[in-house]
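Heads up, the thing below is written out as structure tokens.
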Amino acid sequence: MELELAKCKVDMMALNGQLLDAIQQKLNLSQQLEAWQDDMHRVIDRQLMAKHQKERSRPAASFSGGLRAPRGPGPRAGPPAEQRGPGPEGRRLFSFFRKI
């Protein structure tokens, strides 16, 4: 009986040690997670600040007194699509039906 009691105490001490190890590991992981979250918050804050600064500087550049690059001629005005007839894809489709 005493031998069994001693064996149970040894088992309990081993399990207690495993539990303490698991608690310590969880504590370490929690600290790492918290540090990672802090790092991510800093990264996101920097990105947001850079984005806001970029957005603030953008309107100032658009009022620079018309220093835009000259634009080329616009698209040519041609007949509406209904009057132009089928494009190359449409001609292929119709030619397929003609072959049959």
Side-chain angles (χ1 to χ4, degrees):
M1 179 84 127
E2 289 181 23
L3 184 61
E4 195 173 319
L5 182 61
K7 183 181 175 192
C8 287
K9 283 185 180 182
V10 168
D11 288 344
M12 187 179 73
M13 290 174 65
L15 290 172
N16 202 17
Q18 289 177 358
L19 179 61
L20 289 174
D21 288 344
I23 290 170
Q24 184 64 43
Q25 185 179 9
K26 182 180 178 185
L27 179 64
N28 290 339
L29 289 172
S30 295
Q31 291 171 343
Q32 289 176 6
L33 175 62
E34 187 175 347
W36 179 82
Q37 287 174 330
D38 289 342
D39 291 344
M40 288 298 107
H41 283 291
R42 281 191 215 105
V43 167
I44 291 169
D45 287 342
R46 286 182 194 149
Q47 289 176 347
L48 287 174
M49 289 185 66
K51 182 179 177 184
H52 289 304
Q53 288 174 351
K54 191 175 184 180
E55 287 175 355
R56 287 181 191 158
S57 66
R58 200 174 283 166
S62 67
F63 295 115
S64 61
L67 296 177
R68 294 185 193 166
R71 298 180 82 190
R76 293 187 206 170
E82 304 87 38
Q83 295 175 0
R84 285 193 296 251
E89 296 83 14
R91 282 190 284 266
R92 273 187 251 137
L93 179 65
F94 291 128
S95 65
F96 172 76
F97 286 120
R98 284 185 202 144
K99 290 178 184 177
I100 294 178

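These values consider heavy atoms only, across backbone and side chains, with no hydrogens, waters or symmetry-generated copies.
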I'd like to check the side-chain hydrogen bond (donor to acceptor under 3.5 Å, both in side chains) partners of Gln24; sequence neighbours left out, ordered by chain and number.
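For Gln24 the side-chain hydrogen bond (donor to acceptor under 3.5 Å, both in side chains) partners, ignoring immediate neighbours, are Asn28.
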N/O donor to acceptor pairs below 3.5 angstrom from side-chain atoms of residues 32-51, sequence neighbours left out:
unit_1	atom_1	unit_2	atom_2	d
Asp39	OD1	Arg42	NH1	2.8

Between Leu27 and Gln31, is the side-chain contact (heavy atoms from CB on, under 4.5 Å) condition met? List the steps.
CA-CA 6 Å; Leu27 179 64; Gln31 291 171 343; 4.1 Å; yes
Starting at OG of Ser57, measure out to NE2 of His52 and round the result to the nearest 0.5 Å.
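So the OG of Ser57 and the NE2 of His52 are separated by 13.0 Å.
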Tabulate below the donor-acceptor pairs under 3.5 Å that side-chain atoms of residues 3-16 make, not counting sequence neighbours, or state none.
none

